[in-house]
Amino acid sequence: MSERESRGRDDRQDDRRGGRDRRPGGERRNARGHERNRRARTERTFSSSAPAARTRRADPARLAAFETLRAVSEEGAYGNLVLPKAVRAHRLDRRDAGFATELAYGALRWQGTWDAVLSRCVDRPLADLDGAVLDALRLGVHQLLAMRVPDHAALDQTVGLVRAVVGAGPGSLVNAVLRKVAARDLPAWIAELSEDAADETARLGLAHAHPAWQVRALRQALVAHGRSGTELEALLAADNEAPVVNLVALPGLGELTEALEAGAQKGALVPVSALSSGGDLHRLSCVRAGGVRVQDAGSQLVARALAAAGGGSAGAGDGRGERWLDLCAGPGGKAALLAALAAERGAQLTANEVAPHRAELVRQALRPVPGHAWSVRTGDGRATGELLGGRPAEEAGYDRVLVDAPCTGLGALRRRPESRWRRTPRDLAELGPLQRELLEAALDVARPGGTVAYATCSPHAAETLAVVQDVLGRREDVELLDALGPARDAALPGALEGDRDPSRPWEGAAGPATVQLWPHVHGTDAMFLALLRKR
């Protein structure tokens, strides 16, 4: 094979299978790793074939991404739950699975910005387009503006996808629209869109694919939690990075050896954790057995910090003989870690979940843990009488209670890319009363001297500091504990020091602190933690 033929083969493979993410201004390499220089945008070329003569088949990786977007758009599904099933259904290999993942999650993350671009290229309101055609266009835009996919491949494959799954009619529309999109690169599109932005907040929202209200809220959250508002762009950029899969080995039950041998790296925040190199983790026997689980390191830290907090009411605070409660346990990640820690220490965990189907997920998560260390119940966490069995908290209360409260999920935008476009400021108003009621209920069922951990996967002050402050203001039988000490005890040495210190003193420099983790600082979801003690 000649060198020219070899280069052509590599380029065709790259066209067909896509590649890794390309940031604006980033380099482009073919399947051999050789850098490929692009011509100026004014010189870009496309397939010479008319749309009717192009492919009528859907590439399996792109089809998996398309099916994911359709499930999110039509059924309100979560991309991180749908995509793995689609990958397995289409039997994608590791490389194609990676391409489908970046394409689907990327298109979901950037949906608001891509729709703004499409609105400049479509001659009708986007709401008038067939939903399947609009989702296909979003996939095409993401390939053109944010992935290392040649323009002609992005157009040809997107048109082929539409012809295969929607019909021949819309193919010409998709071809024409994507040609207009391809006339500019991402920086040029952002510059054009920004001309109509109302203010800097709106501009940042377009540039980083966040609704303007979330940009404003995240800036306020940084300041409220003791960091600088100048970190905002770094935080927004971190939200758009593909998250690394975090693993945890349940204490006494799992080992990370197999995962590390498969390419995972040891975690830098909490013990017995790892960062996965990708691939189908269910191929690992340790994951299938349940001793090793997928769980964000921030969530691991919250569970471990509650277990590390001293002053358990049943004894010396080491956990022996204590009763622990996970008040909102579904789907069971933190409950599994807490149950494993409880089993090691001679404690017993009750995992409560209000939704029956989620309670079943909790049972599945807890099955690797010895049965004597846990139980699962289905019920409203605010029904304190049922949680106590009709007895007073002094007799039947819990020594440690976790309230992982329902929230907007603004701290997990990396992992739930579609949520940024689903959430509205109204959700804050609707969730606030529930969060306060659940925290009050947790304190009601805690024994005197018991510890309550209030956690949310959101940094929004309305869901974090304001909730804790309001409850403290209403109750004289509760005091705020310092959460930084237990968090540092639960973390690896030095992991929460210096600029990575996540604490915010409540009342001046000497007051007890809450803990707020950040994607751009700690590489985790933006988990919040406050520890309270019932006097």
Side-chain angles (χ1 to χ4, degrees), residues 4-22 28-32 36-70 86 90 92-93 95-104 106-107 110 114 117-118 121-122 129-186 189:
R4 181 176 180 180
E5 291 171 331
S6 176
R7 286 199 305 269
R9 179 198 63 185
D10 291 338
D11 285 350
R12 287 192 299 275
Q13 289 176 341
D14 193 51
D15 292 354
R16 183 173 64 254
R17 306 183 74 176
R20 293 168 291 183
D21 182 48
R22 169 174 59 83
R28 296 166 51 84
R29 297 180 182 275
N30 64 14
R32 282 183 153 189
R36 301 166 58 216
N37 295 318
R38 302 188 64 169
R39 292 185 296 275
R41 290 275 167 172
T42 56
E43 302 175 20
R44 295 171 76 173
T45 61
F46 306 96
S47 171
S48 59
S49 304
R54 293 180 183 168
T55 180
R56 293 173 179 266
R57 72 178 185 86
D59 169 67
R62 290 176 171 86
L63 182 57
F66 174 79
E67 291 171 352
T68 300
L69 263 65
R70 294 306 299 140
H90 291 286
L92 302 184
D93 61 24
R95 182 178 179 183
D96 282 350
F99 178 84
T101 299
E102 163 54 20
L103 179 54
W110 285 86
W114 297 164
V117 171
L118 287 169
C121 302
V122 179
L129 291 176
D130 179 81
V133 173
L134 179 56
D135 280 337
L137 283 170
R138 290 164 174 162
L139 293 175
V141 175
H142 190 71
Q143 293 172 72
L144 287 168
L145 299 185
M147 292 182 70
R148 191 177 59 85
V149 176
D151 302 327
H152 65 85
L155 266 72
D156 188 63
Q157 291 295 333
T158 304
V159 171
L161 173 69
V162 171
R163 292 172 65 85
V165 301
V166 182
S172 296
L173 169 68
V174 170
N175 177 69
V177 170
L178 292 184
R179 283 177 176 268
K180 293 179 182 178
V181 172
R184 298 176 178 83
D185 60 10
L186 180 57
W189 272 117

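Because only heavy atoms are used, hydrogens play no part in the values below, and waters and symmetry mates are left out as well, while side chains stay in.
A heavy-atom distance below 4.5 Å is not found between the side chains of L92 and F99. By the 4.5 Å heavy-atom criterion applied to side chains, V149 and L144 are not counted as neighbours. Contact of the V162 side chain with the L173 side chain is not registered, since no non-hydrogen atoms from C-beta on lie closer than 4.5 Å. Looking at L118 and R138, their side chains come closer than 4.5 Å, going by heavy atoms from C-beta outward.
Taking all atoms of both residues into account, the shortest heavy-atom contact from A100 to A61 is CB-O, 3.4 Å. Between A164 and A58, the closest heavy-atom pair is CB-N, 3.8 Å. Counting all heavy atoms, side chain and backbone alike, H90 lies closest to P60 at CG-O, 4.2 Å. Shortest non-hydrogen contact noted between G140 and T158 is CA-OG1, 3.6 Å. The two residues V166 and A132 come nearest to each other via the heavy atoms CG2-CB, 3.9 Å. Listed here is the closest heavy atom pair of L69 and A104: CD1-O, 3.7 Å.
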Decide yes or no on side-chain contact (heavy atoms from CB on, under 4.5 Å) for L155 and R179, but give the supporting numbers first.
CA-CA 8 Å; L155 266 72; R179 283 177 176 268; 3.4 Å; yes
Give the intermediate values and the outcome of side-chain contact (heavy atoms from CB on, under 4.5 Å) for residues W110 and V141.
CA-CA 10 Å; W110 285 86; V141 175; over 6 Å; no
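From D156, atom CG reaches atom CG of L161 across 11.5 Å, with rounding to the nearest 0.5 Å. A distance of 9.0 Å separates CG in L103 from OG1 in T68, rounded to the nearest 0.5 Å. Atom CD in E67 sits 12.0 Å away from atom CG in D135 (nearest 0.5 Å).
Judged by distance alone, the side chain of R70 and the main-chain N or O of G131 form a donor-acceptor pair under 3.5 Å.
Side chains of W114 and H142: a donor-acceptor N/O pair is present below 3.5 angstrom, by distance only.
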